[in-house]
Amino acid sequence: MKFDTILETVGEFGPSQKRLYVLLSLPAIYNAAVCMVIFVFLFAVPEHRCAIPGLNNDTFQIQNEVHADLINRTIPLALDNQGDQTRSSCFIYSASPNASSRDVNTDTESCQKWKYDKSVYHSTVAQTMDLVCDRKLYVSHAKMMAMVGQLIGVLIGGPISDMFGRRKVILASTLVSIILSICLTWITDYYLLITVVLVIAASYNMQYLSCFVFSMECVGPSKRMLVGVAMSLYWSAGNIIAAFMVFLMRDWKSRQLAISIPGVLFAYLYFLPESPRWQYSKGKTTEANRTVIKLAKGNKVNLSESMLDDVTCKLDKHQEQFWELLKSPVMLKRTLIILCTWLAIGMGFYGLSMNVTNLAGNVYINYFLFVLVEACAYALCLLLMDRIGRKRMLCTALLMAGIACALSFVPFLVTGKPNKWIINILACLGNTCVSAAFASVYVFTAELLPTTSRNFGMGIASVLCRIGSISSPYINDLTMHITSRYSQILPMLVFGGVSFIAGLLVLLLPETLKAKLPETIQDAEELGTTTTPKPPHHDRECDSRTKEES
């Protein structure tokens, strides 16, 4: 008896699975709130200028005419990204501010102390550690380390979860991430801080993936698309909470504590059962039977232990190996397209989210709009994926993301002073489309790959996604290194171009809507052809014991 057959008997998504699913999804809210605050706001760089030497009560805002005169005679003018004149953020005049005329000395030197604008952020790590001017690349490095942490979580999370079980990985990663998130507020060394950020990101990614896999393993086949996409809505809920938290709490240390401490509420995860599918696969039949019977009781289904006696999870000795996938020209082409698509989505999804601090207007309103439309994108996927198909959904989302980001160049061609809100709206639309692509690519990839190589393919795709996300901080921070009237939209043009190319590549893939899940490489090759797929000969799921094994 296959395990999916057991779920059809117990109930594919009964009350027991719904309760379990909610309990496994709630950490995604906390996960998103902490991670997105780290990615977007922790290392935000406020507007700043050099401090006036010897003036103890100097502030970024001009206090009076005397203060304005000191600023004029101390700090040279420079051009910002919009081409407007502003005070230099990195240099001061070498002459004394008490000189009667600036013409006495126009030589400049690097300043060693800065004053920051506290109207948007009361404090950030970049402000606390002076990660500006010669050290401004440290901000990109810090964000990159967070993305590297996600990559490490992908690489080690799956094998550890398969080895020790979903529940143990969820508990361990949750404990580590909560403790380190709280301790983050007391770290004053840059290198120690980015190391902790890396471990936090890796832990949260391991937790999310394990919860995702656990929830997918406990529902029937017909409900997996719903369950897989719906967990993204919990992530969006966490983003919305984060948007309110960063607006209400502008000091990074108090905000970090306020977001991290509620994580202790997830102590209930200790009382959750282990995934019965994993237990069967490891030969823990007694424990698995006990878990399934509890699920059945919660669904008001009578299920005796004797009905589960013939369940096993042995793999076929003649099972195809994952490298055989790359020997097929058809599957090699499809796999490369899938990997390019994941790379583009990872780059665009995280890049456009972090780019919100580079947009004009109120950063908190911009971020709230971003996360709100992201939730709408996930809901749209739930409504449309089973109607228009996975391929059309993914292709349309990527092409629209590319077009929306590319259109940000048009206002600069029309007028010398483009409407900043038009650019913000286009960035918001691009983020919406990339979010929809992120939700749909999970399902599409799983349905394109054969069962014999699905775990391998999804793992490699996730790695490419993280590689794309690692590059996104550096693309975003081009605005700090390139000074021109187009620097504000330069990251959007890069993300949009990559997304558009990926959307065109998706056109070369077959549609998987209403197609049977391919079990072998041959089944996968026949997707999109008129040939009727042959019935699968091997199954990785829980197969019935044969008479010979008995």
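Residue indices begin at 1 and follow the sequence shown.
The SG atoms of Cys111 and Cys90 sit 2.5 Å or more apart.
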Checklist line | Stepwise side-chain contact (heavy atoms from CB on, under 4.5 Å) test for Phe43 and Leu193 | finding: CA-CA 11 Å; Phe43 297 98; Leu193 184 136; 3.4 Å; yes
Item checked: Derivation and outcome, side-chain contact (heavy atoms from CB on, under 4.5 Å), residues Gln256 and Val34 -> CA-CA 8 Å; Gln256 187 68 25; Val34 175; 4.3 Å; yes
Next item on the list: Could you go through the side-chain hydrogen bond (donor to acceptor under 3.5 Å, both in side chains) check for Ser173 and Tyr208 one step at a time?
Entry: CA-CA 9 Å; Ser173 58; Tyr208 182 84; over 6 Å; no
Margin query: Walk me through whether Leu339 and Thr335 qualify under side-chain contact (heavy atoms from CB on, under 4.5 Å).
Written below: CA-CA 6 Å; Leu339 296 182; Thr335 302; 4.2 Å; yes
Next item on the list: Please step through side-chain hydrogen bond (donor to acceptor under 3.5 Å, both in side chains) for the pair Thr174 and Gln207, ending with a clear verdict.
Entry: CA-CA 6 Å; Thr174 301; Gln207 179 207 60; 2.7 Å; yes
Check: Given Tyr234 and Asn31, is the side-chain contact (heavy atoms from CB on, under 4.5 Å) satisfied, shown in steps?
Finding: CA-CA 10 Å; Tyr234 286 87; Asn31 189 333; over 6 Å; no
Margin query: Phe41 vs Tyr367, test: ring-ring contact (aromatic ring centres under 6.0 Å, His included). Steps then yes/no.
Written below: CA-CA 10 Å; Phe41 292 98; Tyr367 182 70; 5.1 Å; yes
Item checked: Evaluation steps, side-chain hydrogen bond (donor to acceptor under 3.5 Å, both in side chains), between Asp130 and Tyr116 -> CA-CA 10 Å; Asp130 288 328; Tyr116 295 90; 2.7 Å; yes
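For the residue pair Leu233 and Ala379, the shortest heavy atom distance occurs at CD2-N, 4.0 Å. The nearest pair of heavy atoms linking Ala230 to Leu382 is N-CD2, 4.3 Å. When all heavy atoms of Ala44 and Pro46 are compared, the pair lying nearest together is O-CD, 3.4 Å. Annotation for Val196 and Ile187: closest pair CG2-CD1, 3.5 Å, computed over non-hydrogen atoms. Taking all atoms of both residues into account, the shortest heavy-atom contact from Val371 to Ala243 is CG2-CB, 4.4 Å. Across all non-hydrogen atoms, the minimal contact from Ile160 to Met206 is CD1-CE, 4.3 Å.
Using a 4.5 Å heavy-atom threshold, the side chains of Tyr30 and Phe266 count as touching. Contact of the Ile338 side chain with the Val441 side chain is not registered, since no non-hydrogen atoms from C-beta on lie closer than 4.5 Å. With contacts defined as side-chain heavy-atom distances shorter than 4.5 Å, the pair Glu525/Ser328 qualifies. Looking only at side-chain heavy atoms (C-beta outward), Pro510 and Leu448 come within less than 4.5 Å of each other. Contact annotation: the side chain of Leu184 never approaches that of Lys253 to less than 4.5 Å [non-hydrogen atoms, C-beta and beyond]. Looking at heavy atoms from C-beta onward, Leu394 lies in side-chain contact with Leu398 at the 4.5 angstrom threshold. A heavy-atom distance below 4.5 Å is not found between the side chains of Val227 and Phe212. With contacts defined as side-chain heavy-atom distances shorter than 4.5 Å, the pair Cys211/Ile170 qualifies.
Results of the side-chain contact (heavy atoms from CB on, under 4.5 Å) test with Ile179 over Ser181, Cys183, Ser177 single out Cys183 as the only residue that passes. Tested against Met385, the residues Val443, Leu380, Leu513, Leu226 include a single side-chain contact (heavy atoms from CB on, under 4.5 Å) partner, Val443. A side-chain contact (heavy atoms from CB on, under 4.5 Å) with Met492 holds for exactly one of Ile423, Leu407, Ile475; it is Ile423.
Residue pairs meeting the side-chain hydrogen bond (donor to acceptor under 3.5 Å, both in side chains) criterion with at least one partner in residues 150-159, sequence neighbours excluded, are Gln150-Tyr350, Gln150-Arg466. Residue pairs meeting the salt bridge (Lys or Arg N to Asp or Glu O under 4.0 Å) criterion with at least one partner in residues 185-209, sequence neighbours excluded, are absent.
Looking at residues two or more places apart in sequence or on another chain, you find no side chain to side chain contact (heavy atoms under 4.5 Å, CB included) involving Ile425. Contacts of Arg250 classified as side chain to side chain contact (heavy atoms under 4.5 Å, CB included), with partners at least two apart in sequence or in another chain: His122, Phe247, Tyr364. For Ser119, the side-chain hydrogen bond (donor to acceptor under 3.5 Å, both in side chains) criterion is met by Asp117, not counting sequence neighbours. By the side chain to side chain contact (heavy atoms under 4.5 Å, CB included) test, Ala439 is found to be paired with Val229, Tyr378, Cys381, residues two or more places apart in sequence or in another chain being considered. With sequence neighbours excluded, the residues satisfying side chain to side chain contact (heavy atoms under 4.5 Å, CB included) with Ile194 are Ala142, Met145, Tyr190, Tyr191. Legend: residues meeting side-chain hydrogen bond (donor to acceptor under 3.5 Å, both in side chains) with Arg390, ordered by chain and number and at least two apart, are Asp386, Glu447. Trp342 pairs by the side-chain hydrogen bond (donor to acceptor under 3.5 Å, both in side chains) definition with Thr445, not counting sequence neighbours. Residues satisfying the salt bridge (Lys or Arg N to Asp or Glu O under 4.0 Å) criterion with Arg166, sequence neighbours excluded, are Asp162, Glu217. Checked against side-chain hydrogen bond (donor to acceptor under 3.5 Å, both in side chains), Asn239 has the following partners two or more places apart in sequence or in another chain: Glu374. Evaluation of the disulfide bond (SG atoms under 2.5 Å apart) rule for Cys465 yields no partner, not counting sequence neighbours.
The main-chain N or O of Leu507 is found under 3.5 Å from a side-chain atom of Lys391 such that the two form a donor-acceptor pair. Remark: the backbone N or O of Cys405 is paired with a side-chain donor or acceptor of Ser408 at under 3.5 angstrom. For Trp114 (side chain) and Ser89 (main-chain N/O), a donor-acceptor pair under 3.5 Å exists by modelled atom type. Between the side chain of His141 and the backbone N or O of Val139, no donor-acceptor pair lies under 3.5 Å.
Met400 CE: 12 or fewer foreign heavy atoms inside a 6.0 Å radius.
Separation of the Phe244 and Phe368 ring centroids falls under the 6.0 Å cut-off.
Ring geometry, Phe438 versus Tyr442: the interplanar angle falls under 30°, so the pair is classed parallel (tilted spans 30 to 60°).
Here the CG atom belonging to Leu343 is positioned 11.0 Å from the CD1 atom belonging to Ile501, to the nearest 0.5 angstrom. Rounding to the nearest 0.5 Å places CE of Met231 at 12.5 Å from OG of Ser236.
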